[in-house]
Amino acid sequence: MTTILVTGGTGALGRRLTERLRADGHEVRVLSRHAQPYAVDLVAGGSGLDSALAGVDTVVHCASSPRGGDEKAAANLIAAARRAGVGHLVYISIVGVDRVPFGYYRSKLAVERLIEESGLAWTTLRATQFHDLLVTLFEGLSKSPVVPVPAGVSDQPIAVTEVADRLAELAVSTPAGRVPDMGGPEVLSLRTLARTYLTATGRRRALLTVPLFGKAYAGFRAGGHLTPERAVGKVTFAEHVAERFGGGRRTG
């Protein structure tokens, strides 16, 4: 069976991917800053990275941080993968990184380009945002009696398990370059998604639609982060929050 290293293997996506690959019989190494025996800070690099990659056939690069450092981390990973003779580098990116001028998206696009120019055989999958990202957003916003929602913006959330399953398939397939995007089953306004979250959690809040400004907001309003033609996900946001929160028992 294939030996696969998953960076960010303790994160929401990495954990599920690791479980799926191990269930399929593959040897999986989890690399993150605190996961022994492959505790490595990708931004810092170092000899521990070479040890983690020794004998690895495929790397699935899930590690990422909106706080910065993704490009340096990718450069260190690519250099070490070259030294180790890794045969396949799989990267998870985000739909719209080339269409929405948002700082984190620009960083993800830069990593895509580093991988394409790395000389390694590679595969890149872009997916829309996970359901839990919206849950985290709405949890924070609903601490106030009035929930502000960006005007005119929709989203297409997808289940993290579905993306993990697709990455597992790609990891054991031949390198394919940029593969078709993966989007959730529905494109819905943030206002509708926020109301669905509030109903599922039993929270009574007023929604306030707020216009924002700037090029990134314009990109989101234009739907640059959406892929309605690739609505391949199955689990809806309503189904996700109903399962997670049990149908609105909370009242806080």
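Computed over heavy atoms, backbone and side chain alike; hydrogens, waters and symmetry mates excluded.
- The closest donor-acceptor contact from the side chain of Arg166 to the backbone of Glu162 lies at 3.5 Å or more, if one exists at all.
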Derivation of the side chain to side chain contact (heavy atoms under 4.5 Å, CB included) call for Leu190 and Asp155: CA-CA 6 Å; Leu190 283 182; Asp155 209 356; 4.0 Å; yes
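- Note that the OG1 atom of Thr18 and the CD1 atom of Ile4 stand 9.5 Å from one another [nearest 0.5 Å].
- A distance-only check finds a donor-acceptor pair linking the side chain of Gln156 to the backbone of Gly184 [under 3.5 Å].
- Between the CG atom in Leu5 and the CG atom in Leu31 there is a gap of 5.0 Å [rounded to 0.5 Å].
- The aromatic rings of Phe138 and Tyr197 lie tilted to each other, with the angle between the two planes from 30° to 60°.
- At a cut-off of 3.5 Å, with distance as the only test, a side-chain donor of Ser93 or Glu112 sits close to an acceptor on the other residue.
- In this structure, Asp57 contributes its side chain and His88 its backbone to no donor-acceptor pair below 3.5 Å.
- A pairwise comparison of heavy atoms in Leu114 and Ala75 identifies CD1-N, 4.5 Å as the closest pair.
- Here the side chain of Asn76 pairs a donor or acceptor atom with the backbone of Val43 at under 3.5 angstrom.
- The two atoms that bring Lys143 and Glu139 nearest to each other are CG-O, 3.5 Å, heavy atoms only.
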List the steps, then state whether side chain to side chain contact (heavy atoms under 4.5 Å, CB included) holds for Asp70 with Tyr104. CA-CA 9 Å; Asp70 278 11; Tyr104 181 50; 3.8 Å; yes
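- Note on Phe130: it does not cluster hydrophobically with Tyr91, by side-chain heavy-atom contacts below 4.5 Å among ILVMFWY residues.
- The hydrophobic cluster containing Leu134 also contains Phe220, counting ILVMFWY residues as joined when their side-chain heavy atoms lie under 4.5 angstrom apart, directly or transitively.
- Side chains of Arg82 and Ser118: a donor-acceptor N/O pair is absent below 3.5 angstrom, by distance only.
- Within a 6.0 Å radius of CZ in Arg244, more than 12 heavy atoms belonging to other residues, nucleotides or ligands are found.
- Closest heavy-atom contact between Pro185 and Pro157: CD-O, 3.8 Å.
- Atom CD of residue Glu229 and atom CG of residue Asp181 lie 7.0 Å apart, to the nearest 0.5 angstrom.
- Side chains of Tyr105 and Arg99: a donor-acceptor N/O pair is absent below 3.5 angstrom, by distance only.
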For side chain to side chain contact (heavy atoms under 4.5 Å, CB included), just list the numbers for Leu120 and Ile115, CA-CA rounded to whole Å, side-chain angles, deciding distance to a tenth of an Å, and then say yes or no. CA-CA 7 Å; Leu120 298 167; Ile115 291 170; over 6 Å; no
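- Tracing side-chain contacts under 4.5 Å through hydrophobic residues (I, L, V, M, F, W, Y), one never reaches Leu13 starting from Val30; they form parts of separate clusters.
- Between the Lys72 side chain and the Leu42 main chain, no donor and acceptor come within less than 3.5 Å of each other.
- The main-chain N or O of Val235 is found under 3.5 Å from a side-chain atom of His131 such that the two form a donor-acceptor pair.
- Under the 3.5 Å distance criterion, the side-chain polar atoms of Thr7 are matched with a main-chain donor or acceptor of Cys62.
- The two residues Val147 and Ser142 have their closest heavy-atom pair at CG2-CA, 3.7 Å.
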Could you check Arg113 against Glu116 for salt bridge (Lys or Arg N to Asp or Glu O under 4.0 Å), going step by step and ending with a plain yes or no? CA-CA 5 Å; Arg113 290 173 174 164; Glu116 291 168 12; 5.9 Å; no
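- In terms of hydrophobic clustering, with Ile, Leu, Val, Met, Phe, Trp and Tyr side chains grouped at heavy-atom distances under 4.5 Å, Val153 and Val135 are assigned to a common cluster.
- The backbone N or O of Val149 sits nowhere less than 3.5 Å from a side-chain atom of Arg191 that would complete a donor-acceptor pair.
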Step by step, would you call Arg178 with Arg126 a side chain to side chain contact (heavy atoms under 4.5 Å, CB included)? CA-CA 8 Å; Arg178 168 89 183 277; Arg126 291 179 182 175; 3.2 Å; yes
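- At least one donor-acceptor pair under 3.5 Å links the side chain of Arg221 to the backbone N or O of Ala151.
- Going from atom OG of Ser32 over to atom CZ of Arg15 covers 11.0 Å, rounded to the nearest 0.5 Å.
- Note that CZ of Arg20 is 6.0 Å distant from CD of Glu169, once rounded to the nearest 0.5 Å.
- Separation of atoms CG (Leu167) and CE (Met182) is listed at 8.5 Å; rounding is to 0.5 Å.
- Under the 4.5 Å side-chain heavy-atom criterion for Ile, Leu, Val, Met, Phe, Trp and Tyr, Leu109 and Leu125 are members of distinct hydrophobic clusters.
- A donor-acceptor pair under 3.5 Å is absent between the side-chain atoms of Thr3 and the main chain of Glu27, judged by distance alone.
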